[in-house]
Protein chains: 2
Amino acid sequence: MRAMNDDQAKKPRAARKGQGRGVTMETVGRLAGVSQVTVSRALSDPSKVSPATLAKIQEAIAQTGFVPNALAGALASSKSMLISALVPSITNIVYSSMVKAFSEEMRGAGYQILLSETGFGPEDEEKLIAAHLSRRPDAMFLTGIHHSAQARRMLLGAEIPVAEVWDITDSPIDFCVGFNHAETGRAAAEYARRKGYPQAGVVSAGDERARRRSEAFAREWERIGGAPVAKMLFDAQASLANGRAGLRGLLAQGFTGGVVHCSSDLLAHGVLIEARAQGLDVPGQIAVIGFGDQDFAATVEPGITTVRVDMAAFGRAAAQAMLARLQGAGDGPSVIDLGFEIVERQSA
Amino acid sequence: MRAMNDDQAKKPRAARKGQGRGVTMETVGRLAGVSQVTVSRALSDPSKVSPATLAKIQEAIAQTGFVPNALAGALASSKSMLISALVPSITNIVYSSMVKAFSEEMRGAGYQILLSETGFGPEDEEKLIAAHLSRRPDAMFLTGIHHSAQARRMLLGAEIPVAEVWDITDSPIDFCVGFNHAETGRAAAEYARRKGYPQAGVVSAGDERARRRSEAFAREWERIGGAPVAKMLFDAQASLANGRAGLRGLLAQGFTGGVVHCSSDLLAHGVLIEARAQGLDVPGQIAVIGFGDQDFAATVEPGITTVRVDMAAFGRAAAQAMLARLQGAGDGPSVIDLGFEIVERQSA
DNA sequence: CTGTTAGCGCGTTCAG
DNA sequence: CTGAACGCGCTAACAG
């Protein structure tokens, strides 16, 4: 290991004192001619130290390249300034833009984010939660509202603010921010019925919330008089390729034309590409409704009619509510419904 | 704050003992009739404890909901099992897929990832590095090879493995894994020349490495006899909209047809969409070369000819080299060039 | 404004 | 196989 140029690699790190690392407040204090506590104070609240000693301390810090040990600080103060965040997937723009906004907001208040992917399904989420809690985060950001009983217990036991984002429920662990997924499906169905499409199909990715949106669409469509809905339900994540395959599958099921409700814009885009490849007119023969209003939805031709949800807003709202709790500003609302909006473009 | 139902919010956390939190190895030990060390041993190496006491300890843990305090553990052992990672943007699939692969690999070895976004440009990267180092990570994952002198010094002082990923250099801080960006531009230029396109244009996003690829393309194109290259250089991140605007810009500059080299597939896709919108034939009138081989590149019509780099492989390679160093397996290579490959499709 | 004294919860010796 | 003692680097009272 570079720079680990000791003879005995097994030797505890602490034995390598006096080198670049191992610079503590004690070291800095000695160099500045003050005690360790004074250094601590100078760092946490410079106004509690005289300008003269402050200067000496700062110089000593610069000379030694001292970097405070946040681990020790957290242990002593019971404040880690760490927020742990769990998302199904960081490569999915939907979640990454959510945590991005959340992180930026939290960083502004001095917090750092410990981020992990849970994959879909709460199996190993439990182990991840335990691993995260062992770092003693000051709060936790979770995606979705479905967590194992054991997970809930651990979270409650941790006695920290817990945000459940991207979905809402009446019984959050602590508080939740998001929107009603089923409602978006119903709204889309109503919109599509109004437009008078003869048939409807759904293409859905293999994620529980996506399914909930699709199911709601289909149920509502049929409830308000639509013909039975053709379905293509994938187990995999959404992708353009699945969108294309989705339309082909619908067609193979005897779907002859009408509206296709997709659980994401990515799938919708795939449907669009396949429709064009097959010479089908959009929205004349195939109309498409997506979900998410990702930036490409407005840019492709034809533009994708979709359900807009502001993921960045979710992240920000979660951060604000969390910060309020962290600052002990009482409990605040525990269900924050940010809603959604249907954006009409050319595809449906 | 939920569950923070003390009267005095100001009261130190430590004062709330005997509740759900504040369960320590001491607590567990008392319940199991053993000392704290024994609990520690039972957790770190069950074989060092008799089966009987092990069982009692496990029961006590289950009863109390004990979660080990990794902060204290790290402080005592100088091993945080934390890896810090810095990427320009987590919403960019290029980087997120890299860290995803990296994280999965590292998690397999028991490490967790502290992830932050640096944005582009090394200004605040420095502060972020300091913040991360204060958590005493066991190693660090950096994107790119351009870091301030101060940053380099801190990193060297930390005496931990440092991976610089996504680009290569002969003088890494510790080790780097990636490919030669300029080389991809040159290879693309050579490919395009061979295809006999009459003119060339570039559309580039505002990121230093993207620029390096574009510049190399233009220089090589002109060096091997091509006509002067038209350029559309954006300051912003790549997007479909910028791709469309890029082609419009090129056209406005008098570019009448030929090959367009894009710094990413996203831009290339935008160029494709704009070409179609303007009734331009691809690749007859406008040929397009992208970069990245993102999954949609093969799925759109026409398929995008692009430069494939395996980001997941970068993440994995970085993790493997890092783990080797973490396990003290000597230094290993310090420059890991994973190369790239031109993927020919219909767009050029 | 500054120093002293105690822990924070856990690993790591060293004895039994 | 188990326990006592000590220290990791820092914050939190309490004195001066």
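Within every chain, numbering begins at 1; the chains are lettered A, B, ... in the order of the sequence lines, protein sequences first and strands thereafter.
- Candidate nucleotides dC10(C), dG9(D), dT11(D) were compared by shortest atom distance to the side chain of Ala72(B), and dC10(C) ranks first.
- Side-chain atoms of Glu117(B) come within 3.5 Å of backbone atoms of Ile90(B) as a donor-acceptor pair (strictly under, hydrogens ignored).
- Residue Leu75(A) contributes atom CG, which lies 8 Å from atom C1' of dC10(D) at whole-angstrom precision.
- Taking atom CZ of Arg135(B) as the reference point, atom P of dG9(D) lies 17 Å away to the nearest angstrom.
- Formation of a donor-acceptor pair under 3.5 Å by the Thr118(A) side chain with backbone atoms of Glu125(A) is not found in this model.
- Among the nucleotides dC8(C), dC10(D), dC10(C), the one closest to the side chain of Asn69(B) is dC10(C).
- Aromatic ring pairs are classed by plane angle as parallel below 30°, tilted from 30° to 60° and perpendicular above 60°; the pair Trp166(B) and Tyr95(B) is perpendicular.
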Between N or O atoms, less than 3.5 Å apart, protein on one side and nucleotides 1-5 of chain C on the other: list the pairs.
unit_1	atom_1	unit_2	atom_2	d
dT2(C)	OP1	Ser50(A)	OG	3.3
dT2(C)	OP1	Thr53(A)	OG1	3.3
dT2(C)	OP2	Ser50(A)	N	2.9
dT2(C)	OP2	Thr53(A)	OG1	3.2
dG3(C)	OP2	Ser35(A)	N	3.2
dG3(C)	OP2	Ser35(A)	OG	3.2
dG3(C)	OP2	Thr38(A)	OG1	2.4
dG3(C)	N7	Arg41(A)	NH2	2.6
dG3(C)	O6	Arg41(A)	NH1	3.2
dG3(C)	O6	Arg41(A)	NH2	3.4

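- Of the candidates His147(A), Arg152(A), Arg153(A), Gln150(A) forms a side chain to side chain donor-acceptor pair (under 3.5 Å) with just one, namely Arg153(A).
- Atoms CE (Met25(B)) and P (dT2(D)) sit 15 Å apart, rounded to a whole Å.
- Rounded to whole Å, atom C1' of dC8(C) lies 13 Å from atom CD of Glu26(B).
- End-to-end axis angle of the helix from dC1(C)-dG16(D) to dG16(C)-dC1(D), using five pairs per end and rounding to 10°, comes to 30°.
- Whole-Å rounding puts the Leu71(B) CG to dC8(D) C1' distance at 12 Å.
- An OP1 or OP2 oxygen of dC10(C) is reached within less than 4.0 angstrom by no side-chain nitrogen or oxygen of Ser40(B).
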